[in-house]
Amino acid sequence: MTFNYFVSFFFIVLGLFCIITRHNLFKVVIGMSVVDYGTNLLIVSIGASNKGTAPIYAEGEILPGTWFVDPIPQALTLTSIVIGACITAMALSLVIKIYHRYGTLDTREIRRLHG
Amino acid sequence: MTFIQTILNILLLPGLAFTLIASIWLAGVDRVLVARMQRRVGPSLLQPLYDVLKCLGKETIIPRKANEKVFLLAPVVGLASVLVTAMFLPVGGVSALKVNSDMVVILYLLTLASVTLIVGASASGSPFAGVGLSREMVAMISYELPLVLVMLTVGRVCGKGLATFSLSTVTAYQAANGPLLLNPVLWPAAIAMLFVIPCEVGQHPFDIDEAETEICEGVLAEYSGRPLAQFKMMHNVKMYVMSGLFCAMFLNISTGFILADILIYCVACTLVTFVSMSVPHAVTARFRVEQVFKFYWTVVTGCAALSLILVWIGL
Amino acid sequence: MENFPILAIMTLFMGAFINSLAGRRSYKARCAIVFTTMAISLILVLAMVPSVMGGGEIVCYWMGGWAPEADWAYGIGLEVDALSLFFGLIVTIAVMISGVYSFTYMKHDDSQVNFYTLFLMLAGSVLGLVLSGDLFNIFVMVEIMTFTAVALTAFRNDTEGALEGAFKYLVVGSLGSMSILVGTILIYACLHTLNLAQIAQMAIHARNPVMVIAFGFLFVGFCTKAFMFPFQPLAADAHAVAPASISMMISGVLTKCGVYGLIRLVYVLFQNIGQTHVQYLVTGMGCVTMFICVTMAFNQHNFKRLLAFHSISQVGYVVTALGLGTALGLSAGLYHAINHTLFKGLLFLVAGAVQHQTGTLDLDELGGLSKKMPRTTALFLIGAASISGIPPFNGFASKWMIYQAAFSKAVNTDNFFYLLVCGVALITSVLTLASFVKVAQSAFFGQCSVLCRDAEDCEKGMLVPMSVLAVLCVVLGLIPDQFGTLFLKPAAGAAMDPGVYISAMLRGADATVMPAIYGYVGAWNPVFFIVLLLIVTVGVTIYSVSAPLRRPEPLAEGDVEDEHVLPENAKYEPFFSGEESVHSHVGGSDLFWGFKENWKKYFSFWHDWHSGIVNDYELYGVVFLAAALIYCMLFV
Amino acid sequence: MLFNLDKKITEAIDDAASKSLWLYHINAGSCNGCDIEIVAALTPRYDAERLGCKLTGSPRQADIVLVSGPVTLQSRDRLIRTLAQVPEPYCLVTVGSCPCSGNVFKGSYAICGPVDKYRHVDVSVAGCTPKPEAIMAGIAQAAAILKEKRRGMHE
C-alpha cells in the first residue's frame, strides 16, 4: 500500500513543479489537473487494502474472515474527480478568453496587475 | 452631590476654565521665553489671547473650491476633541473625567485632533494645504510609535505586575513612591516623551505642516477668521495637554492638600513647556520632512524602546 | 427549529436554480426572486439567534436522518453553535446588502441572470461552509465558493486584467483547496471519521505525525482562503477587477470563512491553541500579513486595489487576535471580524459608486468629488474613520479590545513577543489612517478634476445599502459592552469549550454553552456627550459676536470652474501666491514623500515581489506550504 | 445677553485687533533694499514682536500688508489678486518711496504707477530703504487705524 502513497505524493509534487516552472498557460492547467490526480489517488489508496472485496452483501450472508474495502474514500474520490473536472473546465475557458484578449499564452506577458 | 461636583469639575477646575487659562498662559510663556533667550523683549504674556480674539474679529472667507460643511466643521471638532482630552489630565490628583484606561483615550483623541486638522486642510482645496496635510500625516506616523512605547513603559512600571492604562493608578503609584522621573530606568522614556511633545503640538522645529516660509502656512493656507481662531486655540490647548500629560506621567508630586498640588502642577507644566518646546524652538532650525521621520523612528524610538526593555527585564 | 440551518442553505441554492429558470423574464422578476431568497435565509438565521446565542443551545441536523449510533457519527451533520451562527449572521447580512446594492449597480450589465445565479450559489456555499459540521462537507463548500468567486471576478471580462486576476485566483486557490483536501483525507486515514465533533473527541489522543501533517495542510488551506501573507496578491488582483458588490462579498465574507476555518481548526478540532508554538504561528501569520499588506496599500494608485490590501491587513488583525488564545483575544477577533465586514463593505460600495459615476478608479485622475457627490463623501468619511479606528466608530472599539488583549497577554505570560504584536498593531493602525487620508485627499477633497466635472450623486438604490452599513458602523461603535454580552461572549464560549459541542452533536445531549468570561474595560461613558454639549454651547456664544461669514456667490450658469478670473474679483479663488488659480490638485502618488523616501528600498522590494506572474505566486504558496509543514512537524 | 457680556467681548475683540498684527509682505518688483529692512525689523535687534507682529505665509491670515517696490508691469496683476484675497479689516502699508511715488523709476515704461492707484494706502513709510524703526512706527500707526476699521465693521 505504501507504493500508492509514494506515487500519489510524487504526482502532487510533479504537478506543483509543472505549475511553477512552465510559462505556458495550458501547461499550468495541465499541472493543476496532475495535482488533482495525485490527490485522487491518495484518497482511493487510503481506503483500499490488498485482500479486500467490494462491500456489497445480501442480508446475513457475511462469511467470517471476509475483508471489506472502505467505501467512504471512494465516494469522496467521486466528488473530488467531479470538482477537479469543473476546475479544469473553468480554467481552460479562462485561458481561451485570455488568449483572445492578450494575444499570448506566456505568463510572463500576462502581468498587467502587479505591484 | 457627586453629579454637581463632576459638573463643577468639568466646568471649572480641571475642566474648561482651567484648561483655557492654562493653555493661554503656557503659549504666552513659551513665546516670551523664546524672545528672552534671543535677548529681545518679546510679546506680552497675553499675546496668544490677542491673536485668537483678533482672528475672531476678522471675516471668514470660504474659498470657492472648498467643501464648506467640512471646512467649517473640522476646526470645531478638533477644538472639542482637544478640550475633552484635557478633561482626562489629573490636575493635582483630581481629573474631571474618569475612565479606567484613559491613556489610550488620550492617545486616540489626540489622533482625532490631528485628523480634523488634516481633513480641514484637504477640504480647503488648496494645493499648499495638500502638501501640508501630507507632511502632517508623516509627522503623525513618526511620533505615534514612541508615544505608544512610552505609555506602555509607564503602564508596565505603575501596574505592579498587572500593567495599567489608567492615569489614576499612575498617580496613585507616584503618590506612593515618588515621581517616576527619579527612577533612572525611566530617564530614556522621559527624554523620548520630551521629544514627542514638540512634534505632536506642531512647535517650531517640527512644524513641517505649517511651515510659513516653505508652503505658505501649509495646512492653514485657506483659513481666515473664526476657523483659524479655533485652530490656533487648538494649537495652544494641545501645548497644555501634552505638557500636562508629561507631568501626569513623570512629575506627579502629591503633597497633602489640593492647592499646593495644583501650584506644583502649574509650575511643572511651565517647566516642561520651557524644556520641551521653547529650548528647541530657540536653538534649532526647522527639520526637513524625511529628517523628522528618520529622527523619530531611530533616536526617539530607540530611547523609548531602551527603557521599555529595561522595565521588562524587571529592573 | 431543528431544520432551520438546512432550510437556510437550501433556499439560497434553490433560489439560484429558480433564478436561472424564471429570472430571464424581466428585471423586476429577477430582483423579486433574488430578494425573497436572501430575505428568507436571513430570517431563518435570525430566528436561530435567540435560542442559540441567548440560550446557549446547539442545533444539530443530520442529513437524511442518519443520526449517530453508539457514539459513532457516520452521517453528514449540520451543527450550529454560537460561533457558527455568529459567522452565519455576518454572511447573511453581507449577502443581503451586497445583493440589494447590485440590483442598481449591475442594472446596465448584460447577462444579469448568470450574475445572480452565481451570486446566490456563492452565498449558499458560504453559508453552507459556516453552518456545516462535517469536514468533507466544508471542503465541498470551499470548492463551490472558490469556483463561483472566480467566475464572478471575471464577470466583467472587458475590464483591464479581469481574466488575468480570475485565472491567478483559480490556480493558487486550487493549491489551497488541494491542501484542505489532503488534510481532510489524512485525518480520515487516522480517525476514520469526517464529523467535526467526532474528530475533536478523538484528536486529543491521536498525537501521531500524520495528524500533525494534516494540521499543517489544513492550516495552509484555510490561510489561502483567508488570503494570509503569501497569498495576498490574489486578493488584490481579484478585488481590483471584480464588480463592487462582489469585492464586498470576497473581502467581507470569503476571508471570514477562512478565519472561521482557522478558529474551528485551532480551537475545536485539534484544540492545540494552548501550545505556545501554535500561538506563535497564528499570531505571527497575522502580524506579518497586517504589516506587509498595509505598507503595500500605502502607495497604490487604484482605489479598489488599495482597499483590497487594507481588507487583508484587517483580516491580519483578526487572525492576530485569534492567535492569542485568551477569551478576550478571541472575542476581540470576532468583534473585529464583524466590524471589518461592515466598514470594508461600506468602502467597497463607495468605490463602486465612484466608479459608476466617474468611470475610473485611478487616484491620480480623481479629485474633488465631495462637491459633486456629497452623500457618498459623507459615507466614505464614516467608513474611513471606522477603519482607521477613530473614537466614536466601531473600528476603534474592536481595535482597542485587540490592543488590550495583546497587552494583557504580554503581561500575564511575561513574554516580549506579544508586546511587539501590540506595537505592530498600533503602527498598522496609523498607516491605515495615513492611506485613507491619501484617498480622501486624492479622490474626494481637493480641486475637481476633469473626470469628476459631470459626476452627480448615485441613485437611491445604491445609497440605501451604504447608509444601512454606515448606521451599523456607528451603532456597533457605541455599544461595545452590550454587543459583547449579546453576541461575542456566547460565540467565544462556544469556541473555547468544545466538550459541549461534542456531546450535543454525538449524544444529542442538550447541554448549554457557558458564555466566555473576560474583564473588558469599557471605552465609553455618557459623560463625554455632556462635555461635548457644553463646549458647543460655549462655541456658539462666541460665534454670535464675531465677524460675518463670507460665502462665494454660486458660479453663473455659463462659466466653468477654472475659467480666467479677473484679478479684482479673485477674493474666493484659492491662494496661488498671486498667480491665477489653475487646476493643480495635490493627490495620489505625490503624498507622503517623507515616509516613502526613507523606506524606498523596502517599497521597491515588495513592488517587485508582487510580480503578477502566476508561477511566482504559486511558488510563494508552495514554499509557504513547505515551511508551515516543517514548522508543524518540529514544534506542534 | 447677561450684564452686557457681548458688549464686553466685542470690545475685547476690537482692542485685540490693534495688539496682534500679522504681517504679510508683497514684493511688487522692489530692489530688495526694503525687503531686508522689513525682515530686519523682525530680528531680535529691533524686535517687531513687541508690537505683536509675526510674519505669516498666506494673505488669508494677514492684518497688515507690507508692499515694497514700484508696481512693475509683471507684478501688477499679482499684487491686485493678492490684495483681493486678504480678509477685511486690514491695512495696506507701503514701505519705501518706490510704492508711493515710483522713486527713480518714475515714468519708466515698466512701472504701473504708485500703489494707491489700485487700493487706498493707509500708511506709507517714506525713505529709500526706510530704517527699521521707521517701519515699526508705520506699523504702530497702522495698528491704530486697524482698530478704527474693526469698529467700523460692526454696522
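The figures here come from the full heavy-atom set of this structure, side chains too, leaving out hydrogens, waters and symmetry mates.
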Is the shortest side-chain heavy-atom distance between [X] and [Y] below 4.5 Å?
X	Y	value
B:F293	C:F592	no
C:I427	B:E144	no
C:L433	B:M137	yes
B:L133	C:V437	yes
C:F445	B:F71	no
C:F416	B:I313	no

Segment of C:L431 engaging chain B (4.5 angstrom heavy-atom cut-off): side chain

Part of C:A378 lying under 4.5 Å from any heavy atom of chain B: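 Contact with chain B is absent: no heavy atom of C:A378 under 4.5 Å.
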
Counting heavy-atom pairs closer than 4.5 Å to chain C, which one of [options] comes out on top?
options	result
B:K69, B:E222, B:M140, B:R135	B:E222
B:S126, B:A129, B:A123	B:A123
B:S142, B:S122, B:A121	B:S122

Residue C:K596 excluded, over 12 heavy atoms near NZ under 6.0 Å: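 Correct, the count exceeds 12.
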
Closest contact, heavy atoms only, [X] versus [Y]:
X	Y	answer
B:V138	C:F595	CG2-N, 4.0 Å
B:G130	C:L591	O-CD2, 3.9 Å
B:F128	C:F576	CE1-CA, 4.3 Å
B:I62	C:Y572	O-CD2, 3.4 Å
B:I61	C:K571	CD1-CE, 3.7 Å
C:V586	B:P127	CG2-O, 3.4 Å

Derivation of the side chain to side chain contact (heavy atoms under 4.5 Å, CB included) call for B:N67 and C:F444: CA-CA 10 Å; B:N67 176 345; C:F444 288 95; over 6 Å; no

Point-to-point distance, once rounded to the nearest 0.5 Å, from CD1 of C:I390 to CG of B:L109: 10.0 Å

Between [options], which shows the greatest number of heavy-atom pairs under 4.5 Å with chain B?
options	answer
C:S429, C:P374, C:P574	C:P574
C:A440, C:G389, C:G423	C:G389
C:A385, C:S388, C:A410, C:C422	C:A410

For [X], is it the side chain, the backbone, both, or neither that has a heavy atom closer than 4.5 Å to a heavy atom of chain C?
X	answer
B:V148	side chain
B:K58	backbone
B:I141	both
B:V70	side chain

Ring geometry between C:Y403 and B:Y108 (parallel below 30°, tilted from 30 to 60°, perpendicular above 60°):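 Ring orientation, 0 to 90° scale: parallel.
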
Derivation of the side chain to side chain contact (heavy atoms under 4.5 Å, CB included) call for C:W593 and B:E290: CA-CA 8 Å; C:W593 174 76; B:E290 84 279 8; 3.1 Å; yes

C:Q447 side chain to B:G125 backbone, donor-acceptor under 3.5 Å: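 Such a contact is found between C:Q447 side chain and B:G125 backbone.
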
Salt bridge present between B:E68 and C:K371 (N-O < 4.0 angstrom):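 No.
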
Side chain to side chain contact (heavy atoms under 4.5 Å, CB included) between B:L308 and C:L419, worked out: CA-CA 10 Å; B:L308 185 63; C:L419 216 53; 3.7 Å; yes

